[in-house]
Amino acid sequence: MTARWEVFAPALDRALVHARHWLTSVPDRPIPAQTTADAVLASIGGPLPDDGRAPELVIDELAAAVEPGLMAIGSGRFFGWVMGGSQPAPLAADWLTSTWDQNSAMRAATPGTAAVEEAAATWLLDLLGLPGSADVGFATGATTANFIGLGAARHQVLADAGWDVETAGLTGAPRVRVLAGAERHGSVDLALRYLGLGTPTAVAADDQGRIRVADLARELAAGDGPTIVCLQAGNLHSGAFDPFGEAIAVAHAHGAWVHVDGAFGLWAAASPRLRVLVDGYAAADSWATDAHKTLNVPYDCGVAIIARPDAVRAAFSLQTAYFAGFQGAGEPMDKVPEMSRRARGVPVWAALRALGRRGVAELVEGLVDRAHQLAEGIARIDGAEIVNDVEFTQVCVTFGSDERTREVTERLLADGATWMSGSRWRDRAVLRISVSNWSTDDEDVALSLEAVRRTAAGPGPAA
Ligand SMILES: *Cc1c(COP(=O)(O)O)cnc(C)c1O
């Protein structure tokens, strides 16, 4: 059977039917999944059948089994963790990316998708106010983007100390010091673990989780040798931004490489109104962000930006005989850990093209405005207290004691009309709200506030 359209059509037609059904249901369905992974497994798992079945029937079976187990993350009333929901253009572009099936590792081999990714990269650097000469790698998420930035950092600080880590490895190398704010995201630790750099030294943070520059300066002065400093744009709980101008200046004065984890916060730079939050951050050496959070493209899509292309290419490129004739400098695969790779920048291009510069600014500002609306509404609920300074997309709430906060959080999740997750911040239980979805509108905010009011009032489960 050759790969003719007629061979694909029945399965793709069914996929479109199921996509239409799912997207139609998202605005009104309860947010939480309606069943468990074990129950889904019971209906589609078991021993591998000996005989196959037609692709369209496989798609029907898959959709029927999986749908009750899907969480409505794309709902305008989903505020859990820091997620987002796909917009139409990047979703459709993602379908095409799969359909085109390009292994987008080398420019000359897959010029179409490579060019789209280059265009997206140029737009991103412009939009975020970062150096136009930087390298951009499209990877799976901000964890990987942190890994890329810190991998380039490891190369450079060791090269500056006369050590070639790519050849000699870490054994016997000068010790690399890594300093990071006490409220850094755990993925920074994970990336450092992959790189053999261990757990960073925690630098004290202020009451919003921002790194304290005086403490950073003291830590930097207390040691020497190859040094990496990790800063943060967008604290998971408060949304706060590190004081980049001062922190980068003091880090650079000590010869450190500065990496910025801005998984969701980097996008503040795309708004003239919010840009002040990242003031001075363009002087850093590398930045990590997600397109699957604030930009609302489908999973999985992270972006690593490295001011020094030679450093990232030294860490991640690979020259090999069997790529002969297709390999030049700065190929897509030279900026990410993968060799074979999906053209993850294509949905980014589509999102940016659909929004335009103004649309991206409005998207980010809209999320922040919704966060303020939710915070103001919740502050009016009896017993509720907003415990962070809301300056970006994050809101943290307590309802008196930790016990009561956890109880309200549980009831809210069981209620299902809105979805906000629980956490612990600054030694208190909190209900955490992250406004990350482009589709959240006035009605979503009103319904969500009503759900919080309802669950905060009732001692028992909502009727
Ligand atoms: C989500 C997040 C990450 C990790 O991103 P993934 O895309 O999940 O890998 C890193 N840092 C911050 C601040 C985040 O919010």
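Just so you know, ligand 1 is whichever comes first in the structure, and atom 1 is the first atom listed for that ligand. Small disclaimer: the values here were computed from a predicted structure and weren't measured.
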Supply the atom-to-atom distance Gln232 CD to Arg184 CZ, rounded to the nearest 0.5 angstrom.
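So the CD of Gln232 and the CZ of Arg184 are separated by 10.0 Å.
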For a ring-ring contact (aromatic ring centres under 6.0 Å, His included) with Phe241, tell me which candidate from Phe392, Trp267, Tyr281 qualifies.
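That would be Phe392.
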Picking from Arg426, Arg212, Arg424, Arg210, what satisfies salt bridge (charged side-chain N to carboxylate O under 4.0 Å, His left out) with Glu183?
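Answer after filtering Arg426, Arg212, Arg424, Arg210: Arg426.
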Of Leu192, Val178, Leu197, which meets side-chain contact (heavy atoms from CB on, under 4.5 Å) against Arg154?
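Of the listed residues Leu192, Val178, Leu197, the side-chain contact (heavy atoms from CB on, under 4.5 Å) partner of Arg154 is Leu197.
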Can we call the ring centroids of Trp100 and Trp95 under 6.0 Å apart?
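No, the ring of Trp100 stays outside the 6.0 Å limit from the ring of Trp95, centre to centre.
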Is a donor from one side chain sitting under 3.5 angstrom from an acceptor on the other, for Ser98 and Arg342?
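Yes, side-chain donor-acceptor contact under 3.5 Å.
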For ligand 1, what is the set of protein residues having any non-hydrogen atom at a distance below 4.0 Å?
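Gly141, Ala142, Thr143, His185, Ser187, Gly234, Leu236, Asp261, Ala263, Phe264, Asp290, His292, Lys293.
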